[in-house]
2 protein chains.
Amino acid sequence: MTLAYPLDDPRTAAPSQALSDVLDRLGVRMNYAKDGEIYAQEEEVEFLYRVVDGVVRTMRLTCDGRRQVGDFYYAGDLFGLEPGPDHQFSAEALTDCTIQVVRRSAVRALAGDRELDRAVLEATRRELQRVQEHVLLLGRKSAREKVAGFLMSLAQHQSEDSIQLPMGRQDMADYLGLTIETVSRMLTQLQGEEIVEFPELRRFRVTRWEALEDLAA
Amino acid sequence: MTLAYPLDDPRTAAPSQALSDVLDRLGVRMNYAKDGEIYAQEEEVEFLYRVVDGVVRTMRLTCDGRRQVGDFYYAGDLFGLEPGPDHQFSAEALTDCTIQVVRRSAVRALAGDRELDRAVLEATRRELQRVQEHVLLLGRKSAREKVAGFLMSLAQHQSEDSIQLPMGRQDMADYLGLTIETVSRMLTQLQGEEIVEFPELRRFRVTRWEALEDLAA
DNA sequence: CGTGAGATTGAACCCAGTCAAGACTGGTGG
DNA sequence: CCACCAGTCTTGACTGGGTTCAATCTCACG
């Protein structure tokens with residue numbers, strides 16, 4: 001993982017060395033095809049995962065079929081750190097992915113290493129912070145602000161000038177608590193105001209950073 | 001804290017013994033008057049807190065003045081477990097409160113005790129789970145469902161037949177991502193359908209549990 | 001009793017959702 | 001190479017749930 005972005009951002013701070021080592025030593029690399037299921041909702045929590053390459057999405061389905069995307073995970077990010085014995089979320093490969101997987105029990109067995117306990121705690125903390133940001137986004141922002149904020153956060157994680165959108169509109173909508181149509185409209189609107197520019201459907205460029213920052217608030 | 005409610009509920013599971021002990025041994029009891037500030041947003045994270053008596057609310061203010069309530073904490077709950085060096089939320093006494101406070105550095109100093117590390121992790125996990133529930137609530141539920149769900153969760157934490165509402169309508173609204181008027185209307189509506197009953201402004205009784213459960217979904 | 005903050009209610013408005021049609025895109029096979 | 005197709009995205013018209021603004025009510029507390 002590159003460190004092109006600020007370290008205090010919980011999404012991008014590198015996982016601690018100890019945990020990283022355990023994953024390297026004991027972890028198994030797995031490949032998942034686009035849309036492949038990594039784990040299912042309700043499944044027992046058994047493993048710890050790190051994205052090596054590709055993008056992963058976690059999501060939750062309510063009994064009546066509404067979908068809520070938990071988060072998106074990129075190269076270097078840990079995921080699957082869920083409280084409770086069962087997964088509240090499922091995880092799927094948004095793109096073709098390589099994932100490093102380690103059994104939780106293996107981590108626990110090595111936990112004589114206090115560094116490691118600490119590392120898991122640290123990772124859980126980061127996760128908590130991400131989720132708290134998500135609450136603020138969902139609770140008190142307009143559709144316009146939600147979409148702008150989403151684009152901002154994507155942009156902050158890619159140093160290139162032209163930014164890739166690995167997920168479709170439906171995934172954005174389900175992350176932001178909106179419908180696909182509203183997301184689409186807001187994107188068009190932001191383009192109309194020349195704040196962002198979409199040369200391709202899944203790729204954009206920020207043309208007026210200040211305006212985008214103001215919106216994301 | 002009583003254990004009248006199921007243990008797998010992250011809001012109510014008792015904090016682990018080790019952490020509880022540290023709080024008892026090293027913690028200082030503090031009293032806060034209603035609306036007193038326990039810590040401020042942006043303030044450095046220094047302490048760990050446990051509610052002994054009363055109710056605490058955490059909340060966050062955005063630059064343009066919008067308010068988002070993080071959560072409500074009751075007797076026995078730990079709070080102030082925030083990732084990052086600074087508080088993202090502020091905490092205030094919703095009612096007159098007794099809070100047991102311990103320095104984080106004291107906890108850290110004792111952390112040779114692996115039990116303790118584990119306990120902090122466990123508490124952070126529970127917090128994570130609460131926040132994830134909150135995301136689902138905010139992202140994919142109607143006003144009616146939000147209010148019904150809120151009343152449900154309150155009811156589940158009080159064994160009595162008549163349930164106290166320690167917070168005002170504004171706090172409920174800011175927790176649910178609604179306006180005070182909408183909250184009020186939904187309460188009236190639920191009363192009209194004889195699902196709940198409000199003998200007093202801040203006290204209610206559930207008259208049709210099944211209906212409430214269906215709504216909270 | 002009065003008083004005032006907090007809660008309810010009403011009416012008008014508006015943002016986002018819904019439903020439906022059409023456009024674009026990328027992939028496939030002729 | 002291009003025509004076609006299916007999936008995805010965009011656009012439009014309409015609806016409706018929730019907000020806004022304002023007036024009234026309630027009740028806890030002096």
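Treat the numbers as computed from the prediction; the structure is a model and nothing was measured. Every chain is numbered from 1 and lettered A, B, ... according to where its sequence line falls, protein lines coming before strand lines.
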Rounded to the nearest Å, what distance is computed from the [atom1] atom of residue [X] to the [atom2] atom of nucleotide [N]?
| X | N | atom1 | atom2 | result |
| --- | --- | --- | --- | --- |
| A:Leu190 | D:dT10 | CG | P | 12 Å |
| B:Arg169 | D:dC25 | CZ | P | 18 Å |
| A:Met186 | D:dT10 | CE | C1' | 13 Å |
| B:Leu178 | D:dG18 | CG | C1' | 8 Å |
| B:Asp174 | D:dT19 | CG | P | 11 Å |
| A:Phe198 | D:dC9 | CZ | C1' | 12 Å |
| B:Leu176 | D:dG17 | CG | P | 18 Å |

Could you tell me which residues satisfy ring pair (Phe, Tyr, Trp, His ring centres under 6.0 Å) with A:Phe204, sequence neighbours excluded, listed by chain and number?
->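 Once residues adjacent in sequence are excluded, the partners of A:Phe204 under the ring pair (Phe, Tyr, Trp, His ring centres under 6.0 Å) criterion are A:Phe198.
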
According to the interplanar angle, ranging from 0 to 90°, do the rings of A:Tyr175 and A:Phe72 count as parallel (below 30°), tilted (30 to 60°) or perpendicular (above 60°)?
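Tilted: the ring planes of A:Tyr175 and A:Phe72 meet at 30° to 60°.
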
What is the ring orientation for B:Tyr39 with B:Tyr49, classed by angle as parallel under 30°, tilted 30 to 60°, or perpendicular over 60°?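 Taking B:Tyr49 first and then B:Tyr39, their aromatic rings sit tilted (interplane angle of 30° to 60°).
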
Salt bridge check: are [X] and [Y] linked by an N-O gap of less than 4.0 Å?
| X | Y | result |
| --- | --- | --- |
| A:Asp214 | A:Arg208 | no |
| B:Asp96 | B:Lys34 | no |
| A:Arg66 | A:Asp64 | yes |
| B:Arg50 | B:Asp24 | yes |

Legend entry - Most 5' of B:Ala143 and A:Met167 on DNA chain D, judged by nearest nucleotide: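 Going by which nucleotide is closer to the 5' end, it is A:Met167.
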
Discussion item. Both A:Leu201 and B:Val183 contact DNA chain D. Taking the nearest nucleotide for each, which residue is further toward the 5' end?
Written reply: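 Result of the comparison: A:Leu201.
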
**OP:** Could you tell me whether B:Arg144 contacts a base, only the sugar-phosphate backbone, or nothing, with contacts defined as non-hydrogen atoms closer than 4.0 Å?
**Re:**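 B:Arg144: no heavy atom of the nucleic acid under 4.0 Å.
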
Exercise. Classify the nucleic acid contact of A:Ser184 as base, sugar-phosphate or nothing, counting any heavy atom under 4.0 Å across all strands shown.
Key: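 Base, at least one base heavy atom under 4.0 Å.
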
Q. Ignoring hydrogens and angles, does a donor from either the side chain of B:Glu181 or the base of D:dC21 sit under 3.5 Å from an acceptor on the other?
A.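 Answer yes: a donor N or O sits under 3.5 Å from an acceptor.
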
- Message: Using OP1 and OP2 only, check whether a side-chain N or O of B:Arg185 sits under 4.0 Å from D:dG18.
- Response: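 Checking B:Arg185 against D:dG18: no side-chain N or O falls below 4.0 Å of OP1 or OP2.
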
message: Taking only side-chain N and O atoms of B:Thr179, does any of them lie within less than 4.0 angstrom of OP1 or OP2 on D:dT19?
response: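 Affirmative; the distance criterion is met.
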
Can you work out whether A:Ser142 or A:Glu200 has the more 5'-proximal nearest nucleotide on DNA chain C?
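The residue mapped nearer the 5' terminus is A:Ser142.
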
Self-check item: Contact boundaries on DNA chain C for chain A, cut-off under 4.0 Å to non-hydrogen atoms
Solution: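 Listing 5' to 3', DNA chain C meets chain A from C:dA16 to C:dC19.
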
